[in-house]
There are 2 protein chains.
Amino acid sequence: EAPIVRAVTEDADVQKISFLGVPDTPGVAAKVFGALGAEGIPIRLVVQAQSHAGHNDITIVAPSETPISTTLLDRVVREVGGKSYLVDSEVGLLSVVGEGIAGSPGLVGQIFSVLADHAINIDLISSSNLVISCSVPLGQLQDGARALHEALIER
Amino acid sequence: EAPIVRAVTEDADVQKISFLGVPDTPGVAAKVFGALGAEGIPIRLVVQAQSHAGHNDITIVAPSETPISTTLLDRVVREVGGKSYLVDSEVGLLSVVGEGIAGSPGLVGQIFSVLADHAINIDLISSSNLVISCSVPLGQLQDGARALHEALIER
Ligand SMILES: C[C@@H](O)[C@H](N)C(=O)O
Ligand SMILES: C[C@@H](O)[C@H](N)C(=O)O
């Protein structure tokens with residue numbers, strides 16, 4: 001049965017932080033999030049995908065108003081033996097919410113096709129059965145939200 | 001206020017499929033999921049993290065009972081100009097469910113610390129405000145679920 005898309009949401013007030021080239025060994029994610037947790041940094045999204053050659057990246061999306069010191073980020077990278085970090089505030093978050101979203105193969109493809117039709121490059125993807133979230137360039141966030149709304153909700 | 005952890009779930013019947021080294025340009029994700037959608041492949045999870053040098057990986061988790069032909073996977077990689085794919089059935093999915101999960105910095109670190117204490121390497125992470133899901137080696141899935149249950153629910 002077709003999933004029901006309940007909402008399309010957009011959030012411009014986010015920043016992406018990636019910890020790059022961290023060792024793919026137990027305890028690394030624990031250290032990273034332990035350090036972020038100790039600073040009380042709220043996390044909107046966490047994505048970690050395929051590891052390569054014993055290393056991986058860990059990416060978070062946090063509110064853009066949360067000050068995250070480069071001293072902290074340097075320390076985290078050093079403490080886990082990672083390569084570097086990057087911070088990108090020129091991103092926005094798009095989310096499509098509905099029961100059974102990821103389970104509906106056609107819908108996931110449709111969402112990404114709508115964005116592709118608007119020449120919007122998809123940066124991060126985090127998708128479960130309730131929400132598909134992706135980050136896109138901040139300047140295209142409104143276009144993407146409008147296009148998804150038209151395609152999924154207004155028809 | 002502390003988030004309420006409602007449930008810890010485990011799923012051994014999953015397979016991970018990563019499309020590696022695909023071009024980081026609009027339309028690639030649309031093609032991948034269009035092809036999977038056309039085959040009716042149900043998707044439990046999608047994760048895509050930090051791109052590098054104009055390329056990225058796209059990783060999905062699907063039910064292990066869904067037959068996914070290597071012909072299809074080869075075709076998808078070829079059609080988007082990717083490098084290769086990999087399929088891993090020796091993974092299990094752990095999820096921690098609760099309102100406000102990712103927003104609680106200390107909780108995310110705690111979850112990963114529990115797994116680290118049991119020498120469980122975290123493979124994929126997909127985390128939103130309602131669910132943290134990660135994949136771990138299949139042979140450690142039960143340990144991980146039990147440890148998280150003890151730490152988060154039974155105390
Ligand atoms: C990369 C990081 O997630 C590592 N695999 C860990 O378990 O902590
Ligand atoms: C890698 C893939 O997600 C690509 N960035 C796209 O937009 O389709």
Side-chain angles (χ1 to χ4, degrees), chain A residues 16 18 20 24-52 56-59 86 102-134, chain B residues 16 18 20 24-52 56-59 86 102-134:
Chain A
K16 174 180 78 165
S18 287
L20 305 175
D24 181 31
T25 50
V28 168
K31 271 209 186 95
V32 170
F33 290 97
L36 298 175
E39 301 290 316
I41 290 166
I43 296 165
R44 292 284 307 279
L45 220 69
V46 183
V47 278
Q48 175 179 299
Q50 181 62 48
S51 61
H52 289 278
N56 209 342
D57 303 331
I58 305 177
T59 301
L86 69 86
S104 161
L107 180 58
V108 180
Q110 182 185 5
I111 288 167
F112 294 149
S113 294
V114 168
L115 297 179
D117 290 345
H118 289 257
I120 296 171
N121 197 40
I122 301 162
D123 171 45
L124 305 174
I125 304 170
S126 174
S127 171
S128 67
N129 223 27
L130 295 168
V131 190
I132 293 182
S133 292
C134 56
Chain B
K16 174 180 77 166
S18 288
L20 304 176
D24 181 31
T25 50
V28 168
K31 272 209 185 94
V32 170
F33 290 97
L36 298 176
E39 301 291 316
I41 290 167
I43 295 166
R44 292 283 307 280
L45 220 69
V46 183
V47 278
Q48 175 178 299
Q50 180 62 48
S51 62
H52 289 276
N56 209 341
D57 303 331
I58 305 176
T59 300
L86 69 85
S104 161
L107 180 60
V108 181
Q110 182 187 4
I111 288 168
F112 295 146
S113 294
V114 168
L115 297 179
D117 289 347
H118 289 257
I120 296 172
N121 198 40
I122 301 162
D123 171 44
L124 305 174
I125 304 170
S126 174
S127 170
S128 66
N129 224 26
L130 295 169
V131 191
I132 294 182
S133 292
C134 56

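Side chains included, hydrogens not; waters and symmetry mates left out as well; all remaining heavy atoms used.
- Each of B:Gly106, B:Ser126, B:Gly40 has some count of heavy-atom pairs under 4.5 Å with chain A, and the biggest count is that of B:Ser126.
- With sequence neighbours excluded, the residues satisfying side-chain hydrogen bond (donor to acceptor under 3.5 Å, both in side chains) with A:Ser133 are A:Ser95.
- Contact tally against chain A (heavy-atom pairs below 4.5 Å) for B:Val131, B:Thr59, B:Asp123: the top residue is B:Asp123.
- Checked against side-chain hydrogen bond (donor to acceptor under 3.5 Å, both in side chains), B:His52 has the following partners two or more places apart in sequence or in another chain: A:Asp57.
- Listed options A:Pro42, A:Gly34, A:Ala49, A:Ala116 were ranked by heavy-atom pairs under 4.5 angstrom with chain B; first place goes to A:Ala49.
- Side-chain contact between B:Ile132 and A:Val46: absent, with no pair of heavy atoms (C-beta onward) separated by less than 4.5 Å.
- Using a 4.5 Å heavy-atom threshold, the side chains of B:Leu86 and A:Gln50 count as touching.
- When each of A:Asp117, A:Ile120, A:Asn129 is scored by its heavy-atom pairs under 4.5 Å with chain B, the top score falls to A:Ile120.
- Of the options A:Asp24, A:Thr25, A:Asn56, a side-chain hydrogen bond (donor to acceptor under 3.5 Å, both in side chains) to B:Asn121 is made by A:Asp24 and by none of the others.
- Ranked by non-hydrogen atom pairs under 4.5 Å with chain B, the options A:Ala29, A:Pro26, A:Gly37 are led by A:Pro26.
- To the nearest 0.5 angstrom, A:Phe33 atom CZ is 9.0 Å from B:Ile122 atom CD1.
- Looking at B:Leu130, the atoms closer than 4.5 Å to chain A (heavy atoms on both sides) all sit in the side chain, from C-beta outward.
- Only the backbone of B:Leu36 has a heavy atom closer than 4.5 Å to any heavy atom of chain A.
- Of the two parts of B:Leu124, the backbone and the side chain both hold a non-hydrogen atom closer than 4.5 Å to a non-hydrogen atom of chain A.
- Rounding to the nearest 0.5 Å places OG of A:Ser128 at 10.0 Å from CZ of B:Arg44.
- Most heavy-atom pairs under 4.5 Å with chain A, from the set B:Leu45, B:Ile111, B:Leu115: that is B:Leu45.
- For B:Lys31, no part lies under 4.5 angstrom from a heavy atom of chain A.
- Interface summary for chain A: among B:Ala35, B:Ala38, B:Ser113, the most heavy-atom pairs under 4.5 angstrom belong to B:Ser113.
- Among the candidates B:Ile41, B:Leu20, B:Ile43, the residue making the largest number of heavy-atom pairs closer than 4.5 Å to chain A is B:Ile43.
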